[in-house]
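These values consider heavy atoms only, across backbone and side chains, with no hydrogens, waters or symmetry-generated copies. Bear in mind that the values here come from a model prediction, so they are computed numbers and not experimental data. Labels below follow one simple rule: chain letters A, B, ... track the order of the sequence lines, proteins then strands, and each chain is numbered from 1.
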Amino acid sequence: MHPALIGQLTIDGLLVGGIYALSALGLNVIFGVMRIVNLAHGQFVIMAALICAALFDWGHVSPFAVLPVAFVGALIAGALVQRAFLRRLPEDLASAETTSLLLTFGVSYFMLGLGFAIFTGNFHSVPYLTGSWSIGPFSIAQARLIAFVTAAIIALLLAVVLRYTAVGRSIRATSQSLQGAMACGIDVENVRTVSFAIGSGLAAACGCLLSTIFSYNPQTGDDFTLSAFAVIALGGLGNYAGTLLGAAIVGLAISFTGYYVSAQAAQAAPFVLFILILLVRPVGLLGRRAA
Amino acid sequence: MKQTRRQMIGSTAVAGAALVVGSSFARARAAGRPIVIGGTISETGAYANSAKFQLRGYQYWVKQQNAKGGLLGRQLELKTYDDASDAANAVRLYQRLIDQDHVDLIVGPYSSEVTASVANVSQQHKMVMMGPGGSSPKIYSRGLTYIFQGIQQSPLYIKGPMEIAKEHGYKTIAVSGEDSLFPRSVVAGAAGYAKEMGMTIVFDQLYPHNASDYTSIAQKIKEANPDVVLSACYLPDSIGLLRALKQANFAPKILYEGVGPTEPNFGQQNGKDADGVMGTANWSAELKTAGNAEFVKGFTADFGTPPDYHAAAAFGGLEVLGAAITKVGSLDQDKLRDELSVMTMRTIMGTYKVDKNGSQVGYAAMVLQWKNGKQFVIYPKDEAQMTAMVPFPSWSTH
């Protein structure tokens with residue numbers, strides 16, 4: 001165990017953590033406002049990645065050029081899913097969680113089937129920016145660094161929107177207290193649609209960024225739903241700063257477990273953390289205690 | 001419903017009579033009816049892409065043979081079912097082919113996994129089975145006596161790259177690959193070859209099926225700093241691992257990636273990075289084996305697509321079975337078994353020859369290498385289209 005190797009594993013872990021953070025932020029925005037668990041989240045991620053792969057095959061279109069378009073497309077798709085399905089679910093609180101789970105589960109299977117029909121079960125990966133930069137003893141993969149920086153910019157933009165815009169304030173108000181928000185005259189239905197749209201958009205942005213990094217087929221979407229869960233469970237449901245911390249921890253866990261144990265163990269690492277945190281500190285590292 | 005004694009006697013008698021009449025009728029017709037060859041193919045499911053070529057290889061041979069007058073003066077007919085890439089389905093369907101459809105001969109399904117299960121059915125019914133889809137040695141090490149390997153043994157795959165490494169005086173080897181039956185069998189013999197050739201294995205670890213990120217495995221290989229990387233990959237992991245090695249900025253002297261690099265897609269996906277990567281090809285359209293050029297031409301004309309090695313292995317296996325039947329002069333399964341065990345024959349795949357377990361020892365596993373966006377055979381020497389490009393170029397010169 002030498003310092004350069006520890007440094008390299010830390011760099012690899014944090015860079016990949018940035019990608020997980022973006023996907024988990026999207027899931028967390030949706031959960032914070034709507035209190036629903038979106039099981040189709042990973043499918044939005046992978047669908048965007050598959051589209052990037054297809055466009056690259058077709059005309060060498062850069063995934064970074066696809067990103068804004070995919071983001072807007074997913075905003076619209078997310079809003080439609082919310083308006084067409086989730087909004088129609090009964091308001092009755094006892095059953096709302098179960099029915100929303102079942103519904104997003106259904107949406108995820110629909111998207112999985114659609115993915116297989118359009119893109120087949122073959123694995124894809126965009127061969128773009130495949131090289132690396134050497135800095136001292138470290139090699140930093142170009143695609144990963146650029147994806148990380150892009151993810152950071154998007155996360156920063158999200159923070160600005162949440163903090164300084166009217167829409168952002170409504171989103172935060174609604175996630176803090178549904179009754180309070182309604183009492184202040186916030187159009188909660190609209191806020192829900194906007195949050196679901198933003199969450200889906202972030203998922204698609206994440207998909208474009210990971211398209212150059214991972215190998216994936218439609219089935220891989222489930223892994224991304226689950227790893228995003230592990231991240232927000234670690235950081236705390238509804239807590240955005242916690243999400244970033246959770247993503248860094250998951251990224252590092254994958255990187256170090258992969259090196260010191262095995263690639264098989266690395267795949268399980270996020271979920272072992274997930275289970276541990278549920279047992280030890282169910283509100284997450286930075287989570288608020290339930291009222 | 002409860003049957004009376006009389007009803008039971010009645011129905012048994014009818015069934016018995018039907019059997020007697022049926023079988024004598026069948027015997028009387030046997031001479032004129034076609035020889036039916038049965039098997040299953042994974043027309044749907046995970047193996048569908050490759051299995052389709054195996055089916056076409058069978059179909060093409062049957063068509064060719066019928067044009068030459070069939071076998072034993074009878075025409076041939078192929079009867080196949082879809083096993084949906086599932087071994088349990090295949091077992092049921094082979095039982096059906098033998099018990100209900102009464103096929104005269106059986107041929108193997110696709111993949112080691114399915115072949116391993118179906119081999120038991122062939123043994124129980126004492127029917128010979130040529131297995132062009134079963135490369136794993138596990139199928140043949142269980143004492144079965146009616147199964148014959150119609151494809152290269154997977155542990156032979158790495159012999160070529162290791163011999164090339166030995167020629168160049170390389171000493172250290174990293175072994176990796178996907179953690180599933182076929183890739184495991186490919187690298188299973190690495191330790192034995194290394195010992196034989198005076199080399200050391202400095203790293204040996206597999207990664208899971210459907211992995212999406214190869215960074216950590218690449219990092220570990222880099223730390224082990226081997227001369228040679230031997231990884232038993234399919235296409236997706238061959239691309240993922242290559243890219244991860246590049247990102248870790250590690251270029252071994254020899255990089256071998258299993259069967260992934262045989263696919264044209266490997267070159268399209270990796271561009272210049274593919275140059276220098278070695279892989280295993282069980283067959284190539286360029287081979288100068290017996291009848292190969294005609295096979296490629298005829299197959300392409302029939303199906304509108306060139307054959308791949310699965311089609312070639314299927315065709316080659318039936319060439320052998322056909323020759324054995326002609327030599328024996330009947331469809332007697334025990335005589336066929338004896339003949340298939342001892343015969344040698346030149347086929348499009350190379351020279352057919354099996355050992356006492358039915359394992360293929362005649363077909364050579366070829367090594368190909370990418371250069372300037374094309375694949376070239378580099379091993380064995382007598383089939384080589386170019387000399388091996390060694391060492392693998394560094395990433396800055398790719």
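To the nearest 0.5 Å, the span separating OG on B:S216 from CZ on A:F256 amounts to 12.0 Å. For the atom pair B:Q247 CD and A:W133 CH2, the distance stands at 11.0 Å (nearest 0.5 Å).
For A:Y216, no part lies near chain B; criterion is any non-hydrogen pair under 4.5 Å. For A:T212, the part lying near chain B is the backbone, with the side chain staying farther off; criterion is any non-hydrogen pair under 4.5 Å. Both the backbone and the side chain of B:Q269 come within contact range of chain A, judged by heavy atoms closer than 4.5 Å. Using a 4.5 Å cut-off between heavy atoms, B:D273 touches chain A through its side chain atoms alone. Looking at B:D179, only its side chain comes within 4.5 Å of chain A, counting heavy atoms on both sides.
A:S255 places none of its side-chain heavy atoms less than 4.5 Å from the side chain of B:T215. Contact of the B:R243 side chain with the A:S125 side chain is registered, since non-hydrogen atoms from C-beta on lie closer than 4.5 Å. Within the 4.5 Å cutoff, the side chain of B:Y214 has heavy atoms near those of the A:S215 side chain.
Within residues 261-272 of chain A, the residues having any heavy atom less than 4.5 Å from a heavy atom of chain B are, in residue-number order, A:V261, A:S262, A:A263, A:Q264, A:Q267. Contacts between residues 217-227 of chain B and chain A, defined by a heavy-atom separation under 4.5 Å, are made by B:Q219, B:K220, B:K222, B:E223. Taking non-hydrogen atoms and a 4.5 Å limit, the residue list of residues 8-22 of chain A in contact with chain B, ordered by number, reads A:Q8, A:L9, A:D12, A:V16. Heavy-atom proximity under 4.5 angstrom to chain B picks out A:D57 from residues 41-61 of chain A.
Atom CZ of A:F116 is surrounded by more than 12 heavy atoms from other residues, nucleotides or ligands within 6.0 Å.
The two residues A:T130 and B:K246 come nearest to each other via the heavy atoms OG1-NZ, 2.8 Å.
Counting heavy-atom pairs closer than 4.5 Å to chain B, the top-ranked of the candidates A:N217, A:V126, A:D223, A:T257 is A:V126. Taking B:G240, B:G271, B:A248 one by one and counting their heavy-atom pairs under 4.5 Å with chain A, the maximum is reached by B:A248. Of the residues considered (A:R144, A:H124, A:Q142), A:R144 shows the highest number of contacts with chain B, using heavy-atom pairs under 4.5 Å.
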